[in-house]
Amino acid sequence: MQPSPLGSVSQDLAVPAQCPATPYWGGNDGKTLHITTARQSRSAQELTDFPHSGCVLSTRVEVPGLTTNFFRD
């Protein structure tokens, strides 16, 4: 599977939290996806039902993420 320059969906992943926040890619090959999840302001029932809330989750994916472009003033 090749990355799409148009941003098409290449893979769906289930996340064991109600409020995934920020995805970011890592690893030497850019194929480790990390996802932060929110815990603050989540109800007690939600935290019981979704104990991974507030965690950083990681998984390997087939398509690498884009590299970060840094710039200087």
Side-chain angles (χ1 to χ4, degrees):
M1 208 179 304
Q2 294 295 316
S4 168
L6 301 176
S8 63
V9 175
S10 59
Q11 187 176 357
D12 286 325
L13 299 171
V15 177
Q18 285 291 310
C19 196
T22 305
Y24 60 97
W25 286 262
N28 292 334
D29 59 359
K31 290 185 177 182
T32 302
L33 174 63
H34 305 281
I35 302 171
T36 62
T37 61
R39 183 174 184 84
Q40 186 174 348
S41 301
R42 310 317 302 171
S43 71
Q45 184 62 53
E46 183 178 327
L47 296 176
T48 298
D49 293 342
F50 298 95
H52 290 94
S53 298
C55 294
V56 176
L57 308 171
S58 297
T59 190
R60 295 287 292 165
V61 293
E62 296 176 20
V63 178
L66 298 174
T67 58
T68 303
N69 295 315
F70 295 98
F71 66 93
R72 294 183 184 177
D73 291 337

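Computed over heavy atoms, backbone and side chain alike; hydrogens, waters and symmetry mates excluded.
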Participant: Side chains of D29 and P64: closer than 4.5 Å at any heavy-atom pair?
Facilitator: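 Heavy-atom side-chain distance check fails, nothing below 4.5 Å.
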Participant: Check whether S53 reaches the backbone of L47 with its side chain - one donor and one acceptor, N or O, closer than 3.5 Å.
Facilitator: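 No; judged by distance alone, with no hydrogens or angles, the pair does not exist.
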Participant: Could you tell me whether a side-chain N or O of T22 sits under 3.5 Å from a main-chain N or O of T36, the two making a donor and an acceptor?
Facilitator: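 Not at all, since once roles are kept as given, no pair shorter than 3.5 Å links the two residues.
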Participant: Which heavy atom of E46 sits nearest a heavy atom of Q18, and at what distance?
Facilitator: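 Minimum heavy-atom separation between E46 and Q18: OE2-CB, 3.1 Å.
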Participant: Is it the case that the side chain of T37 and the backbone of H52 share a donor-acceptor pair, with hydrogens and angles ignored and the cut-off at 3.5 Å?
Facilitator: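 Side chain of T37 to backbone of H52: a pair is present.
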Participant: So how far is it from H34 NE2 to W25 CH2, rounded to the nearest 0.5 Å?
Facilitator: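 Going from the NE2 atom of H34 to the CH2 atom of W25 covers 10.5 Å.
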Participant: With the 4.5 Å side-chain cut-off for hydrophobic clustering, are L57 and V61 part of the same group?
Facilitator: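 Yes; V61 is reachable from L57 via cluster members.
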Participant: Could R42 and D49 be called an ion pair, given the rule that one side-chain N must be under 4.0 Å from one carboxylate O?
Facilitator: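 Salt bridge absent between R42 and D49.
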Participant: If every non-hydrogen atom of L33 is compared with every non-hydrogen atom of P23, which pair is closest and at what distance?
Facilitator: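 Minimum heavy-atom contact is CD1-CB, 4.0 Å.
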